[in-house]
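Notes to accompany the following structure.
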Protein chains: 2
Amino acid sequence: MSYQAPLEEMNYLVKQVFNVENTLSAIDSFSEFDIELYTTVLEEAAKFSENVLLPINHEGDEIGCQFENGQVTTPPGFKEAYAEFCQSGWQGTSGDPEYGGQGLPKTIHLLIEEMIFSTNTSFCLYPSLTNGAYHAIRAHASDTIKQLYLPPMLEGRWAGTMALTEPHAGSDLGNIKTKATEQTDGSYLVSGTKIFITGGEHDLSENIIHLVLAKLPDAPPGPKGISLFLVPKIKINEHGELTETNQVSCGSIEHKMGIKASATCVMNFDEAQGYLIGEKHKGLACMFTMMNLERLSIGVQGIGLAETAYQLSRNYAIERKQGKSQSAKLASIIEHADIRRMLLEQRVHTEAARALMVFMGTQIDLQYHHQDAAIRENAASLMSLLTPIAKAFFTDKGYEACNLGLQVLGGHGYIREWGLEQLVRDAKIAQIYEGTNGIQSQDLLVRKVGLDKMQLMQLLYDEIDAELAIKTSLPAAYQLQQQLSSALQCHRQTSQWIVQNIEQRFFEIQGGAVDYLHASGYLVYGWLWLKMLNQLNDELGETFCARKQLAGQYFCEHLLPNINQLCQKVGTGYQPYMDAEQSLI
Amino acid sequence: MSYQAPLEEMNYLVKQVFNVENTLSAIDSFSEFDIELYTTVLEEAAKFSENVLLPINHEGDEIGCQFENGQVTTPPGFKEAYAEFCQSGWQGTSGDPEYGGQGLPKTIHLLIEEMIFSTNTSFCLYPSLTNGAYHAIRAHASDTIKQLYLPPMLEGRWAGTMALTEPHAGSDLGNIKTKATEQTDGSYLVSGTKIFITGGEHDLSENIIHLVLAKLPDAPPGPKGISLFLVPKIKINEHGELTETNQVSCGSIEHKMGIKASATCVMNFDEAQGYLIGEKHKGLACMFTMMNLERLSIGVQGIGLAETAYQLSRNYAIERKQGKSQSAKLASIIEHADIRRMLLEQRVHTEAARALMVFMGTQIDLQYHHQDAAIRENAASLMSLLTPIAKAFFTDKGYEACNLGLQVLGGHGYIREWGLEQLVRDAKIAQIYEGTNGIQSQDLLVRKVGLDKMQLMQLLYDEIDAELAIKTSLPAAYQLQQQLSSALQCHRQTSQWIVQNIEQRFFEIQGGAVDYLHASGYLVYGWLWLKMLNQLNDELGETFCARKQLAGQYFCEHLLPNINQLCQKVGTGYQPYMDAEQSLI
């Protein structure tokens with residue numbers, strides 16, 4: 001396994017394409033940072049990922065987490081790597097300085113996260129969940145709780161989880177059975193069983209802070225009766241010191257297709273002491289603060305794994321000699337058209353996805369920190385629209401990219417020691433957790449477009465229109481401009497069709513949700529490819545510019561046309577299939 | 001894990017759609033068989049697959065093959081299952097009665113193979129390779145060799161392999177280094193290392209017969225200098241009795257993503273005694289006798305696994321309750337549009353693929369047994385065209401189907417005990433071995449269409465035209481007829497474009513090979529869906545007919561339109577990507 005962090009690409013996005021320093025310059029808390037600092041931080045993250053995380057990735061998969069007597073042991077090297085991760089301050093990268101974080105923009109944090117996902121997805125999930133929990137607590141907990149819990153979480157000394165799913169309640173959380181009852185001291189006793197809890201138990205941190213969804217005795221039925229509780233594995237006193245073990249135990253860990261070094265736990269809460277976060281019965285909304293960031297983070301998993309797949313398969317294609325090239329000599333397989341196709345497919349996905357990730361990073365930073373409420377709101381709206389697209393499209397295309405990478409290696413791709421098949425297995429879960437990609441697609445089609453009457457989508461169309469208005473002399477950019485313009489038109493019509501039909505045909509038109517999400521993904525990629533081409537200049541060097549133009553052309557010729565067909569399918573509808581008896585499906 | 005052999009579907013294809021009894025009635029050797037016999041054989045195969053093979057499939061994956069001191073141990077239960085398989089005569093199902101086979105049509109054999117792949121893919125590979133080796137020996141070996149080797153192979157007492165790949169020579173066999181030198185007794189000494197040898201060593205059979213590609217000292221360079229040798233693991237005397245161990249050894253087995261109960265071996269031949277099969281330097285052609293059948297067999301792997309994925313995910317979707325249905329009640333997830341989409345996608349693939357498999361089975365039977373040379377030749381031509389389509393499209397769509405099945409199960413799909421993720425891992429290899437799907441696509445575009453000037457493809461178009469000419473009153477069939485007719489037109493134009501451009505743009509237009517193969521796959525599926533709809537009648541029962549019509553309609557509305565877009569992409573070409581320096585890819 002080898003991996004070199006794509007720092008040139010990342011710097012190009014941070015400097016040229018999105019000029020992050022300028023974009024965020026109006027934000028006070030970032031005023032002391034500059035582009036040099038960002039570059040240095042990314043370089044350090046690259047070293048840590050390449051030198052510490054990558055070497056323990058394969059063995060982590062082979063050995064996996066072990067479970068004995070309620071204890072989880074992570075694979076060899078994970079404890080040491082996690083300790084180094086914490087010591088170097090990576091857990092607090094974008095955390096609030098008030099609680100000991102370094103206050104860097106989320107934009108930079110996302111790029112760091114990509115490198116960690118690229119080199120060790122299982123490892124990445126532990127700090128990623130802690131980070132999600134940190135955000136939910138910071139947004140909704142009392143000051144006392146924030147002062148007690150956030151600093152050790154930003155140090156990584158305490159880890160975090162999201163405890164939502166129950167055996168009978170996954171995509172539909174309204175059905176959860178976990179209960180909480182209030183005690184005289186204002187705390188709660190939480191009882192119930194949660195499954196699929198990433199990092200529910202492990203040996204990396206001193207404590208684990210569970211964010212648990214549960215119902216109070218007076219809860220209204222369904223999703224509006226859910227409250228959020230903070231339940232620590234080990235209780236703490238008012239000075240934040242660990243005291244006694246809470247009634248939280250790990251019942252077992254799952255044996256999975258991949259991410260084997262990430263402990264996926266069955267967690268039992270047996271009158272465990274917990275604390276209400278946010279208002280009673282409003283837990284789902286509080287959890288969504290965390291969920292949206294987690295969803296983007298899972299999208300980043302798709303990018304990270306695709307990047308590694310691209311690098312591994314490209315290296316292989318250069319070294320492996322089979323068959324004859326155009327020049328009739330024994331050739332590296334990278335000389336064959338089908339291999340080039342598979343490499344380009346991977347690359348045009350990964351680069352566009354990374355661009356969207358950086359754009360979304362800037363929007364998160366604006367949303368949380370900008371002084372102007374209108375800018376904050378606009379950013380929040382764009383995030384709301386783009387989150388399901390990023391989560392589902394990055395992970396669908398990321399899985400596809402890993403599979404293409406495997407295919408480039410042929411038989412070797414199927415052999416464990418080559419590493420490609422692990423990427424495929426690790427990538428698969430990203431299409432499922434944090435809301436399946438089917439659920440993301442429904443969220444987009446129903447809530448974000450249909451019932452919203454296209455207002456959010458209009459914000460995206462405006463961004464695309466603005467980019468289309470830029471005059472270009474570059475042939476690749478010109479061609480893309482023409483095609484994107486007509487694809488946008490087609491997408492707009494489909495969105496209008498959805499708005500017109502959503503109420504009458506509520507259940508049935510959701511059959512087209514995944515196709516609509518994919519059409520939207522390609523549209524966003526088209527916009528970002530155009531943006532990237534528009535920002536090329538001589539300083540970047542001839543090879544860099546030529547690489548970008550070739551990939552942009554490939555996207556334009558071979559992938560952008562998918563939008564038309566996907567939109568056509570959305571409009572075809574699913575009524576006959578919804579009306580049919582179960583026995584006919 | 002549960003599985004019920006789709007006997008109703010199979011009987012419908014054998015009786016109604018292809019009327020196998022009639023189609024093969026002109027063949028003397030099948031004259032004593034009738035439809036009742038076929039049905040009984042399929043029922044017995046179903047029982048064996050469901051009761052013997054399925055129960056050992058999951059443990060086979062968990063434990064895998066073990067390698068120690070040159071010996072391979074198959075997982076628990078495999079020896080016993082294999083013994084029962086042989087005792088019941090399954091190895092000889094379609095074998096020549098002259099050598100102890102039962103002489104059943106290949107058509108029936110393929111359906112049996114599907115059930116075995118469905119329930120235990122790893123297991124299936126052992127007899128499947130033996131069967132391939134049997135065919136190559138039967139077609140090209142001397143009578144003496146045939147008399148000695150074929151009977152124990154048809155009993156399964158001796159297994160077979162294909163030893164082609166070497167570390168530096170996979171898709172391009174012209175580069176192999178294994179050498180053979182002739183001895184005074186007419187036998188040969190074979191030396192070299194072969195990798196990725198399925199069933200190269202195991203504990204199931206008394207002997208293993210390797211078919212090895214090697215080069216003679218006077219061999220011309222490249223693929224025209226390859227000869228085929230039979231190299232037994234244990235030597236035999238002139239009575240066919242085992243004598244002493246040959247200089248063949250297993251160096252190691254691969255640790256793979258899936259098919260873990262199938263031993264994938266590194267095989268060392270160290271002056272091993274072997275026998276020339278066919279003419280000197282004509283080994284590749286001899287091997288292709290076997291390869292074409294093996295390729296179809298690997299296609300069947302795609303069907304078998306997709307069928308199991310469909311069954312598991314459909315059962316789950318009926319039992320699992322989440323979210324609300326059209327009627328606003330807590331619903332089985334099969335009531336949700338996106339779940340119905342994923343189930344229908346799986347089903348329309350599997351049923352069309354099975355239909356093509358049965359059609360190809362009849363063509364093999366005609367090709368090998370019919371008295372009329374013109375019919376034999378027509379069948380051989382159709383097989384030549386359809387083999388790459390079946391191998392690559394069945395396995396690409398089969399992999400997709402397994403992934404959709406996993407997605408229906410959500411988080412449970414990712415957990416090993418539910419079985420879905422094993423199907424995905426077992427299905428992945430089918431896109432790679434027996435010639436990667438990229439190689440299949442090139443074979444189709446370059447050899448079978450471009451250089452052939454569309455003559456083979458015209459045979460398929462004729463079949464489709466004949467089906468389109470049938471008058472129908474069924475709405476689903478009528479709609480499909482219209483759409484298929486225009487899709488055929490589009491496909492025909494693309495084929496013509498390929499013929500016109502193949503010589504000038506030989507390397508570059510191969511970039512569209514996979515898209516062309518997929519377009520051809522959908523075209524063939526469209527033809528077979530129409531054929532299936534045209535053969536519906538009241539005797540089949542209301543539910544059966546309604547199920548078929550719904551799926552046919554789904555195929556027509558949601559998948560057939562892919563042909564246009566794929567053809568468009570083929571025509572876009574890949575010249576800019578071929579001209580680019582490696583560093584730009």
Side-chain angles (χ1 to χ4, degrees), chain A residues 165 170-172 196 254-257 314 318 322-323 326 334 337-338 340-341 343-344 406-407 410-411 413-417 421 425 428-429 431-433 436 438 441-442 507-508 510-511 513-514 543 546-547 550 553-554 557-558 561-562 565 568-569 572 574 576-578 580 582-585, chain B residues 165 170-172 196 254-257 314 318 322-323 326 334 337-338 340-341 343-344 406-407 410-411 413-417 421 425 428-429 431-433 436 438 441-442 507-508 510-511 513-514 543 546-547 550 553-554 557-558 561-562 565 568-569 572 574 576-578 580 582-585:
Chain A
T165 304
S171 299
D172 187 358
F196 297 159
E254 304 291 348
H255 300 281
K256 309 184 298 293
M257 183 185 195
R314 183 168 184 276
I318 289 172
Q322 295 278 285
Q326 290 188 82
I334 200 174
D338 190 47
R340 293 194 160 208
R341 175 187 69 82
L343 293 173
L344 282 163
L406 193 160
Q407 194 72 20
Y414 200 66
I415 306 297
R416 298 184 67 150
E417 63 180 304
E421 64 87 36
R425 289 185 289 103
K428 183 74 216 171
I429 188 61
Q431 298 176 292
I432 299 168
Y433 60 12
T436 67
S441 303
Q442 277 179 45
F507 288 96
E508 169 254 322
Q510 292 181 39
V514 167
T543 303
R547 256 177 84 83
L550 194 77
Q553 184 181 356
Y554 185 89
E557 289 182 348
H558 289 277
N562 291 347
Q565 199 202 4
Q568 217 171 55
K569 284 196 200 182
T572 305
Y574 282 76
Y577 318 108
M578 288 304 279
Q582 282 183 11
S583 60
L584 304 189
I585 301 300
Chain B
T165 304
S171 298
D172 186 359
F196 298 159
E254 305 290 350
H255 300 281
K256 309 186 297 294
M257 183 185 193
R314 183 170 183 276
I318 290 172
Q322 296 276 285
Q326 284 179 302
I334 200 173
D338 189 49
R340 293 195 160 207
R341 175 187 69 83
L343 292 173
L344 282 163
L406 193 159
Q407 195 71 21
Y414 201 67
I415 306 297
R416 298 183 69 150
E417 63 179 305
E421 64 87 37
R425 289 185 291 103
K428 183 75 218 170
I429 188 61
Q431 297 177 294
I432 298 168
Y433 61 12
T436 65
S441 303
Q442 277 180 46
F507 287 95
E508 169 254 322
Q510 292 180 39
V514 167
T543 303
R547 255 177 85 83
L550 194 76
Q553 183 181 357
Y554 184 89
E557 290 182 347
H558 289 276
N562 291 347
Q565 200 203 2
Q568 217 171 56
K569 285 196 200 183
T572 306
Y574 282 75
Y577 318 107
M578 288 305 278
Q582 284 182 12
S583 59
L584 304 189
I585 301 302

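Numbers restart at 1 for each chain; the letters A, B, ... are given by sequence-line order, proteins then strands.
- To the nearest 0.5 Å, atoms OH (B/Tyr554) and CD1 (A/Ile585) are separated by 10.0 Å.
- For A/Gln582, the parts sitting under 4.5 Å from any heavy atom of chain B are the backbone and the side chain alike.
- Rounding to the nearest 0.5 angstrom, the gap separating the CD1 atom in B/Ile415 from the CD atom in A/Glu254 is 4.0 Å.
- In terms of heavy-atom pairs under 4.5 angstrom with chain B, the leader among A/Ile334, A/Thr165, A/Thr436 is A/Ile334.
- The candidate with the highest count of non-hydrogen atom pairs below 4.5 Å against chain A, out of B/Leu343, B/Thr543, B/Asp172, is B/Asp172.
- Among B/Ala580, B/Ser441, B/Gly413, the residue with the largest count of heavy-atom pairs under 4.5 Å with chain A is B/Ala580.
- Of the atoms belonging to B/Ala513, not a single heavy atom falls under 4.5 Å from chain A.
- Residue A/Tyr414 touches chain B through both its backbone and its side chain, counting heavy-atom pairs closer than 4.5 Å.
- Taking each heavy atom of A/Met578 and A/Glu508 in turn, the nearest pair found is CG-CA, 3.8 Å.
- In terms of heavy-atom proximity, A/Ala337 sits nearest to B/Gly511 at CB-N, 3.3 Å.
- With chain B as the partner, the residue from A/Lys428, A/Glu421, A/Glu417, A/Gln322 showing the most heavy-atom pairs under 4.5 Å is A/Gln322.
- Within the 4.5 angstrom heavy-atom criterion, only side-chain atoms of B/Phe196, from C-beta onward, approach chain A.
- When each of A/Arg340, A/Lys256, A/Arg341 is checked for heavy-atom pairs under 4.5 Å with chain B, A/Arg340 comes out on top.
- The greatest number of non-hydrogen atom pairs below 4.5 Å with chain B, out of A/Gln568, A/Gln431, A/Gln407, A/Arg425, is found for A/Gln407.
- Looking only at heavy-atom pairs under 4.5 Å with chain A, the residue among B/Ser583, B/Ala546, B/Gly438 that has the most is B/Ser583.
- The most heavy-atom pairs under 4.5 Å with chain B, out of A/Asn562, A/Leu344, A/Leu406, come from A/Asn562.
- Ranking B/Gln442, B/Lys569, B/Gln510 against chain A, the residue ahead of the rest is B/Lys569, based on heavy-atom pairs under 4.5 Å.
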